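A quick write-up on the structure given underneath.
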Amino acid sequence: MSASPTALAEAAAAISESKSIVLACHVNPDGDALGSLLSLALALKPLGKEVTCLSEDGVPDILRFLPGSDLIVRSTEAPAFDLALVVDSGELSRVGVQVGPMVSRARRAVNIDHHVVAGAFGDIRVLDSSAASTAEIVYDLLQALQAPLTPEIATCLFTGIITDTGSFRFQNVTPGTLRTAATLVEAGASPPHISENVFENKTYAGTRLLGHALSSLSQTADGRIVWAHITAADFRQLGAIDAETEGVVNYVRGVRGAEVGILFREMDNGRIRVSLRSRESVNVAEMAQEFGGGGHRMAAGCTLNIPLAEAELALVAVAKIAVSRLFPG
Ligand code: 5GP
Ligand code: MN
């Protein structure tokens, strides 16, 4: 499935008819969330649109290089908008408790997303769960709008694609992903420049955090479930923040024989952030949903309000059930 041409045309028409447009992405924004949001903003401004770019959690350090990142604000006083464009968010609540009501002040909302969709929302839904990234769908939308593809826009979209595909390594990569990426490079996106910013840019504290996480590594007897944690004390000791754990979970899933990899982080407020990754077999979005989270088949997350040790027991128990269904005996 790809996003329906009708939905793309409807979204393009809604944009054409609107003057004030609010754009929003999910909390803890990643390269796909901000790359998708900023590429739209950079394309819409020259069309004379008044754009407001909302990210409840701002811009993480490693994504500040994104063209247009200075357009991002955490809140707005504007009373109303003609249109809202919400990107990379499986449910409207994912934009955050502050930003949610600001987005709802728009007369119409367009939902542009590639998540396994349960909580679909919006008057116009440009959805494609087979797309590796929301950026690919935004690319199609910009084509429908006949918006010129500048090097800045191409950089934002390419960043969305490489972050959500782990540099074209994940199962979600399709020929379409690669074709879009090739077009973006032709338009001026620089793969080495973007990769250097996104992947070769870990802070010292963040790299030491990886060490702490890996030294906590555990696995089930059959090796199919592997997990690690980072405690609030680890964060404090190293002066690191949650955004610096980006990518750590891939080491956990990367263990030979692991069908499910889980990273637990104990936040300051005592809540436990959980990142889930799988190989082809287990649907971790379903696991995350049992705990009020969501995501994709092979990458999902949730937040628990119980102590770290209990969270580990709970998630590993659910992972065992999922794994035993697929690998009986
Ligand atoms: P990450 O582990 O990188 O935080 O998230 C992996 C995927 O799961 C992302 O696509 C993200 O949007 C989704 N995800 C993470 N946490 C949550 C959550 O609390 N709720 C929902 N619905 N999705 C989440
Ligand atoms: Mn995404």
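Here the structure is a predicted model, which is why all the values come from computation and not from measurement. Numbering of ligands and ligand atoms starts at 1, following listing order. Each residue takes its place number in the sequence, starting with 1.
With 2.8 Å as the limit, Asp30 does not count as an N, O or S neighbour of the Mn ion (ligand 2).
For atom 2 (O) of ligand 1, the closest non-hydrogen atom of the protein is Ser275 OG, 2.6 Å. The closest protein non-hydrogen atom to atom 14 (N) of ligand 1 is Gly294 O, 3.4 Å. For atom 17 (C) of ligand 1, the nearest protein heavy atom (residue, atom name, distance) is Gly301 O, 3.3 Å. Protein heavy atom nearest atom 11 (C) of ligand 1, with residue, atom name and distance: Arg94 NH2, 3.6 Å. In terms of protein heavy-atom proximity, atom 6 (C) of ligand 1 is closest to Arg277 NH1, 3.6 Å. In this structure, atom 9 (C) of ligand 1 lies nearest to the protein heavy atom His115 NE2, 4.2 Å. The protein non-hydrogen atom at the shortest distance from atom 8 (O) of ligand 1 is Ala300 CA, 3.2 Å.
No option in Asp32, Asn28, Leu34 other than Asp32 meets the side chain to side chain contact (heavy atoms under 4.5 Å, CB included) test with Asp30.
Arg277 and Asn250 get closest at one heavy-atom pair: NE-OD1, 4.0 Å. Between Gln171 and Met298 the shortest heavy-atom distance is CB-SD, 3.3 Å.
Remark: Arg279 is not positioned above the aromatic ring of Phe327, lacking an NZ or CZ atom under 6.0 angstrom from the ring centre and at most 45 degrees off the axis.
Residue contacts with ligand 1 do not include Glu246, since none of its heavy atoms lies under 4.0 Å from the ligand. Using a non-hydrogen distance threshold of 4.0 Å, Gln289 does not register as a contact of ligand 1.
Taking every non-hydrogen atom of Ala299 and a distance limit under 4.0 Å, the qualifying atoms of ligand 1 come out as 6 (C), 7 (C), 8 (O). Taking every heavy atom of Gly295 and a limit of under 4.0 angstrom, the matching atoms of ligand 1 come to 8 (O), 13 (C), 23 (N).
Ring geometry for His114 against His296 counts as tilted: the plane angle lies between 30° and 60°, on a 0 to 90° scale.
Only backbone heavy atoms of Cys302 (N, CA, C or O) come within less than 4.0 Å of ligand 1; its side chain stays farther off.
Of the listed options Glu91, His296, His26, Arg273, Arg273 places a heavy atom closest to atom 19 (O) of ligand 1.
With respect to the Mn ion (ligand 2), Asp32 has OD2 as its nearest N, O or S atom. Checked against the Mn ion (ligand 2), the N, O or S atom of Asp164 at the shortest distance is OD2.
One finds an angle of 80° at the Mn ion (ligand 2) between NE2 on His114 and OD1 on Asp88, to the nearest 10 degrees.
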